[in-house]
Trainee: 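Mind looking over this structure? Questions follow.
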Amino acid sequence: MTSMEMNKLREIVPSLTDEQLLKFTLFMERLLEKNKVMNLTAITDPDEIIVKHFYDSLSLAAVPKIEEMLQKGVRVFDLGTGAGFPGVPLKIAFPSIDITLCDSVNKKLSFVGDFLKDNFDSGFSVLHSRAEDCGCDCEHRGKYDIVVSRAVANLSTLLEYCLPLVKTGGYFVSYKGAQSPALSDEISGAKKACTVLGGTMIDNVSLTLPLDMGERSLIIFKKQKETPSKYPRKAPLPKKDPL
């Protein structure tokens, strides 16, 4: 892996040091090694990992208000982190954040937790939990400045999972694919859920990935008021019967 390839990440977070880029390289090496025995990622080409996993995860920094919060070291929750995306790249790039990485698959969380323990002294935790249960737990409900998710789920469902975790005045950011009629329909279909859960959509940011590797969208919601206590509903309702 050449430093030139990892340098692509400085296009999205210019403040990255050589030491931070080295951590990205270490994370990629660990990911590829573990992927031989556990299904962590379908992407195994190094350039694609740098762009489609690392750069994509860091695209949050393209939003000035969010980037400013990350630099200050706020509390972040990554729902459905899987192999650590976007949570691990965010922790590497913004080490002062306090991040909780949540997933329902314990084997993946073990991989993520081991990497974080080896590279950071504090400011992280891993949580083995179903998405529907996190927002009902008083330890997590309404405790986070920023909640992020790259999980593949309908926006209405994601809002029910994520907005209960956000502090009033905080943000939920959903990582989505390229702008499309289907995404527009999904956003329109989530308006009711957003209102019921105490949020409002404030932005829809389009980003083009380097090396012609596609486009991404960040759908950004602000928590305006407390989520009613009956949400999130128990599984499988948020997914089976979205608001």
Side-chain angles (χ1 to χ4, degrees), residues 56-57 59-70 74-81 85-87 90 99-104 127 129-138 140-207 215-243:
D56 184 42
S57 292
S59 62
L60 206 56
V63 184
K65 173 65 181 172
I66 302 289
E67 194 267 347
E68 185 183 324
M69 292 173 72
L70 292 169
V74 294
R75 289 195 77 190
V76 181
F77 192 100
D78 176 11
L79 185 83
T81 191
F85 303 110
L90 289 174
I99 188 161
T100 299
L101 301 97
C102 176
D103 205 86
S104 60
L127 176 65
S129 175
R130 289 184 62 94
E132 297 90 346
D133 298 332
C134 302
C136 298
D137 184 341
C138 61
H140 300 286
R141 186 180 180 92
K143 295 293 195 292
Y144 296 91
D145 302 285
I146 302 171
V147 176
V148 293
S149 184
R150 271 176 104 215
V152 181
N154 180 281
L155 203 46
S156 297
T157 301
L158 282 174
L159 283 163
E160 187 168 354
Y161 292 159
C162 294
L163 273 181
L165 296 160
V166 183
K167 288 178 182 176
T168 301
Y171 299 89
F172 163 53
V173 184
S174 175
Y175 287 67
K176 290 286 183 179
Q179 298 290 328
S180 66
L183 180 58
S184 296
D185 289 347
E186 191 178 333
I187 291 169
S188 296
K191 283 179 181 173
K192 179 192 171 188
C194 188
T195 303
V196 166
L197 296 162
T200 186
M201 181 178 149
I202 61 165
D203 215 343
N204 177 359
V205 179
S206 297
L207 298 130
E215 297 183 359
R216 295 287 188 270
S217 309
L218 296 173
I219 318 301
I220 305 171
F221 300 87
K222 186 169 186 178
K223 177 88 166 270
Q224 302 281 39
K225 59 185 179 182
E226 199 170 317
T227 301
S229 58
K230 64 180 178 180
Y231 301 109
R233 296 165 293 164
K234 293 292 183 187
L237 285 175
K239 197 168 186 177
K240 191 176 179 182
D241 184 26
L243 290 171

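A quick note: this is a predicted structure, and the numbers were derived from the prediction, not measured.
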Trainee: Can Asp56 and Arg150 be counted as an ion pair, charged N to O under 4.0 angstrom?
Mentor: yes
Trainee: Treating Arg216 as the side-chain partner and Gly177 as the backbone partner, does any N or O pair qualify as donor plus acceptor under 3.5 Å?
Mentor: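 Not a single qualifying donor-acceptor pair exists.
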Trainee: Do any N or O atoms from the side chain of Ser206 and from the backbone of Ser217 form a donor-acceptor pair under 3.5 angstrom?
Mentor: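 Such a contact is absent between Ser206 side chain and Ser217 backbone.
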Trainee: Is it true that Glu132 and Arg233 make a salt bridge, defined as a side-chain N closer than 4.0 Å to a carboxylate O?
Mentor: no
Trainee: Kindly determine whether Tyr175 and Ser149 satisfy side chain to side chain contact (heavy atoms under 4.5 Å, CB included), including the steps that lead there.
Mentor: CA-CA 6 Å; Tyr175 287 67; Ser149 184; over 6 Å; no
Trainee: Just by modelled atom types, is the Gly198 backbone N or O under 3.5 Å from a matching donor or acceptor in the Gln224 side chain?
Mentor: no
Trainee: Is any side-chain heavy atom of Ile187 closer than 4.5 Å to one of Ile219?
Mentor: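 Yes, side chains in contact.
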Trainee: Just so I know, are the side chains of Cys102 and Asp78 near enough to count as touching, which here means a heavy-atom distance under 4.5 Å?
Mentor: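 In short, these two side chains do not touch, never coming nearer than 4.5 Å.
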Trainee: Is there a donor-acceptor pair under 3.5 Å between the side chain of Thr227 and the backbone N or O of Leu197?
Mentor: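 Yes; judged by distance alone, with no hydrogens or angles, the pair exists.
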Trainee: Measure the shortest side-chain to side-chain distance between Phe172 and Lys222 over non-hydrogen atoms and say whether it is less than 4.5 angstrom.
Mentor: no
Trainee: Mark yes or no for whether Lys167, through its side chain, and Gly142, through its backbone, hold a donor-acceptor pair below 3.5 Å.
Mentor: no
Trainee: Quick one: are Asn154 and Glu186 in side-chain contact, heavy atoms under 4.5 Å?
Mentor: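 A side-chain contact under 4.5 Å exists here.
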Trainee: More than 12 non-hydrogen atoms from neighbouring residues, nucleotides or ligands closer than 6.0 Å to NZ on Lys143, yes or no?
Mentor: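 Counting neighbours around NZ of Lys143, more than 12 heavy atoms of other residues, nucleotides or ligands fall under 6.0 Å, so yes.
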Trainee: Flag the pair His140 / Phe77 as yes when at least one side-chain heavy-atom distance between them is below 4.5 Å, and no otherwise.
Mentor: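 In short, these two side chains touch, coming nearer than 4.5 Å.
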